[in-house]
Amino acid sequence: MPSPAKYIFVTGGVASSLGKGIISASLAKLLQARGYSVTIQKFDPYINVDPGTLNPYEHGECYVTEDGAETDLDLGHYERFLNIPTSQANNVTTGRIYKQVIEKERRGDYLGKTVQIIPHITDEIKRRMKLLGESGRYEFVLTEIGGTVGDIESLPYIEAIRQLKLELGSQDCLVIHLTLIPFLSAAGELKTKPTQHSVKMFLEQGVQPDILVCRTEHELGKDLKKKIGLFCNVSEDSVIESMDAASIYDVPLLMEKEALDIVVLKKLMMPNQTAPDLSTWKDFLYRLRHPKNQIEIGIIGKYIELKDAYKSIAEAFIHAGAANECQVQVRWIHSEEIDNDNVAAHFNGLAGVLVAPGFGERGIEGKITAIRFARENKVPFFGICLGMQCAVIEFARNVLGYSDAHSTEMSPETKYPVIHLQEEQKSVTHKGGTMRLGAYPCEVVPNSLARNIYGKSQISERHRHRYEFNNTYLRDFEAAGMVASGINPDNKLVEIVELPNHPWFLGVQFHPEYKSTVDNPHPLFLAFIKAGLKHIESVKSGFQVA
Ligand code: GLN
């Protein structure tokens, strides 16, 4: 019988967006670096069954796991920090909890009882909180609770934590509360009152946090830590300062300096003698800080006002940039703003462009115009999902001469549906969880750019889309010079397209960005940056983009 897991809950107070996900991932990283097996899960109090149906403007990117769960973007941070995959079980929402309880009620499982928030909803929350811990695979299960303490919708989660603390005991369960210590410039002072209030509210709900992590712009100092500890009923060494950091990847080291991991291990009665081995992490940070080159990459998308909408892509550039000792600056370009007259100006100085994933009509023509420019002027191009589909449409229109070629997503009546809906998708009426989701195998054809980059013929990548390359046209494309270099071996769907007569032009139907981590930067991003560096060299040495 494996020893039971230790449960660490991370809650937030005072304000949202304090970085619970990064604090959770950083602590998990420190524990992992000490040799412990760790996983992180996120419980989101909103009523959507999953974030798949949320507009990216609301919650940022929807992150997809290997097993095809559409999840909160914090799971992306967990994977990027820990380099281990998460799954459906790692993200739970109120919608999912209620769905399960209501289905049980309809089946008659509650035997005539009145179904209530306590105990039925809280029991279901607790069951799910313990699920990964009971698998025997982890010594530590970190659970991040979305939202802030005091929100109406968080109440059942806080109640579940209260009960679990009692059931498991203080050796096996602790609560870390992340708060803000604001700096009032007029008074020239850091203020602890909002944190005191937040802890008070937590206490009213029956939970005494064990550790406080305090976000601050200025050092807290010993006295302030003492004061916070006194008013919030925690020992001084359990008040952890979390200073604003230049990069999220600095946070594990900041937390190590503050001994967060040691405090946690002591409270949970776990050995803490050996120091965490963070050599690979530090090596990554060193490269990040000491780039030998710098390039600018254009990301073309329609949600660029909210950078979180493309979180995994932005992070993948950071990983691959550091590995290449190259600082990658991103120029965010709104696809709706690109037209034939200004496209050259948008490309000025860019080492390459990435056309982002997306849904719907808005901004499509701008993406297609940009892709044409990249194709004709030999600028490195990387298309992801919708970006790949747009590359196919552009090629059909401007090389094959299929003037109104389109995806049936935007133009159901097009004469040339080069991107279309798969048969099994045609009968789908529900939006939630009905796309082609999660990891699928792909065979990479020999003598292609993709094969050269991956260095192997069998790969697996994650998907999130409904529409596909229409194989009726495959021969026409290949005859005109666009090659399908990645094929799903089971259903022959085209997963990668490329142009052999272009220095670097690659479109992928899948989302490579989901698999990029600090320890394993994604090969496609690594190669794209290399191509960008080469492009800039060639521009400098006299070759001018038209
Ligand atoms: N809208 C396209 C589809 O559903 C692309 C999706 C995406 O870019 N993730 O197929």
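Start at 1 and go down the list; that is how both ligands and their atoms are numbered. In this text, all values refer to a predicted model and were calculated from it rather than measured experimentally.
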Closest by any non-hydrogen atom to atom 2 (C) of ligand 1: pick that one out of H465, E409, R436. E409

Check: of G358, G360, C390, G301, min heavy-atom distance to atom 6 (C) of ligand 1 comes from G358

Does R436 count as lying over the ring of Y440, i.e. NZ or CZ under 6.0 Å from the six-ring centre, within 45 degrees of the axis? yes

For ligand 1, note which part of H511 has a heavy atom under 4.0 Å away: side chain, backbone, both or neither. side chain

Quick one: look at E468 and ligand 1, take heavy-atom pairs under 4.0 Å, and tell me if it's side chain, backbone, both or neither. neither

With N48, which of L54, T94, T93 fulfils side-chain contact (heavy atoms from CB on, under 4.5 Å)? L54

Decide whether an N or O pair under 3.5 Å exists between M435 and ligand 1. no

I want to know if ligand 1 touches R466 in the polar sense, i.e. an N/O pair below 3.5 angstrom. yes

Which residue and non-hydrogen atom of the protein lie closest to [atom], and at what distance in Å?
| atom | result |
| --- | --- |
| atom 7 (C) of ligand 1 | C385 SG, 2.9 Å |
| atom 10 (O) of ligand 1 | Y467 N, 2.8 Å |
| atom 9 (N) of ligand 1 | R464 O, 2.9 Å |

For atom [atom1] of [X], decide whether the heavy atoms of other residues, nucleotides or ligands shown that lie under 6.0 angstrom number more than 12.
| X | atom1 | result |
| --- | --- | --- |
| I47 | CD1 | no |
| E305 | CD | yes |
| N447 | CG | no |

Ligand 1 to F359, heavy atom cutoff 4.0 Å, flagged ligand atoms 1 (N), 4 (O), 6 (C), 7 (C), 9 (N)

I'd like to check F528 versus P380 (side-chain heavy atoms, cut-off strictly below 4.5 Å). Are they in contact? yes

Under 3.5 Å, is there a donor on one side chain and an acceptor on the other for E513 and Y310? no

